[in-house]
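As structure tokens, the structure follows; a few thoughts come after it.
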Amino acid sequence: NEVPVITIDGPSGSGKGTVSSLLAQQLGWHLLDSGALYRLTALAALKAQADLDDIAALSALAKDLDVSFRTCDGSSQRQIFLGEEDVSLQIRTEEVSLSASKVAAITEVRDSLFARQQAFAQMPGLVADGRDMGTVVFPHATMKFYITASAEARAQRRLKQLQAQGIDANIQRIFEDIVARDKRDSERAISPLLPATDAIIIDTTPLSIEEVIVEIKMHLKHKG
Ligand code: C5P
């Protein structure tokens, strides 16, 4: 009785976060926002004033993360708690984004989060959003997608997202951060950002979120 798993990997700002959460909601499946786990690890490290080079401290923080994902009834909006604190906004700042991609390059941190991620695979199914969901965490997933878009389009989307949350942002900074983060994520030795060989690649540059969902559902239907 395999739990069906759909993996959605890709770079930040490709729209995969929104696509994953809408898809999970529409299918009535669970959602794993794996990037949030790396962001939470980074935030916990910043709060504890841990050194981002202190591998032992970081992997212990990752292992002991007291995290809960809470959904408001009838809404796709989820709140992310670290202990009893709602950190949904804090984990989206540029500072945490950059620190997250640094801690994510540490093997021990990834190992610490591995089992926690796999535990999200529960009936009736899981939509797993990340960088290495199809390649490393769920290599036997039912269906794998790799969602991407041009760096310019992704920077524009991130800007809108931040502005909607009332966070002040600068487009040039965001663009440079995205390029730097892409580089770090795709060049790192462990779990680099790469499409699984059996992933369906969708370039969302010219597409709306709804159009991406339609395309994914078409593939799911095809597969039966
Ligand atoms: O997806 P999101 O932008 O929230 O991820 C934050 C960071 O966490 C990424 O820049 C990446 O370095 C890391 N990450 C990862 N593996 C995942 C998900 C995220 O390395 N599966």
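Both ligands and their constituent atoms are indexed starting at 1 by order of listing.
Taking a cut-off of under 4.0 Å to the non-hydrogen atoms of R92, the atoms of ligand 1 that pass are 4 (O). Each of the atoms 3 (O), 10 (O) of ligand 1 lies under 4.0 Å from some heavy atom of R181. Short contacts between ligand 1 and K16, defined as distances under 4.0 Å to a heavy atom of the residue, involve ligand atoms 1 (O). Numbered from 1 in the order shown, with element, the atoms of ligand 1 that lie under 4.0 Å from a heavy atom of A104 read 12 (O), 13 (C), 20 (O).
Counting heavy atoms closer than 4.0 Å to ligand 1, residue D185 contributes side-chain atoms (C-beta onward) but none from N, CA, C or O. The proximity of K102 to ligand 1, defined as any non-hydrogen pair under 4.0 Å, does not occur for either the backbone or the side chain.
In this structure a side-chain-to-backbone donor-acceptor pair under 3.5 Å is present from H30 to M123. No donor-acceptor distance shorter than 3.5 angstrom exists from the side chain of R131 to the backbone of D185, with no hydrogens or angles considered.
The nearest protein atom to atom 6 (C) of ligand 1, hydrogens excluded, is given as R39 NE, 3.7 Å; this is a heavy-atom distance. For atom 19 (C) of ligand 1, the closest non-hydrogen atom on the protein side is G35 CA, 3.5 Å. For atom 7 (C) of ligand 1, the closest non-hydrogen atom on the protein side is A100 CB, 4.0 Å. Regarding atom 18 (C) of ligand 1, its nearest protein heavy-atom neighbour is S34 OG, 3.4 Å. Scanning the protein for heavy atoms near atom 8 (O) of ligand 1, the closest one is Y38 CB, 3.5 Å. The protein atom (non-hydrogen) at minimum distance from atom 17 (C) of ligand 1 is R131 N, 3.4 Å. Closest to atom 16 (N) of ligand 1, if we only count protein heavy atoms, is R110 NH2, 3.0 Å.
Heavy-atom separations between R184 and ligand 1 are all 4.0 Å or longer.
Side-chain contact between V127 and T7: absent, with no pair of heavy atoms (C-beta onward) separated by less than 4.5 Å.
In this model, a donor atom of one side chain and an acceptor atom of the other lie less than 3.5 Å apart for Q172 and E176.
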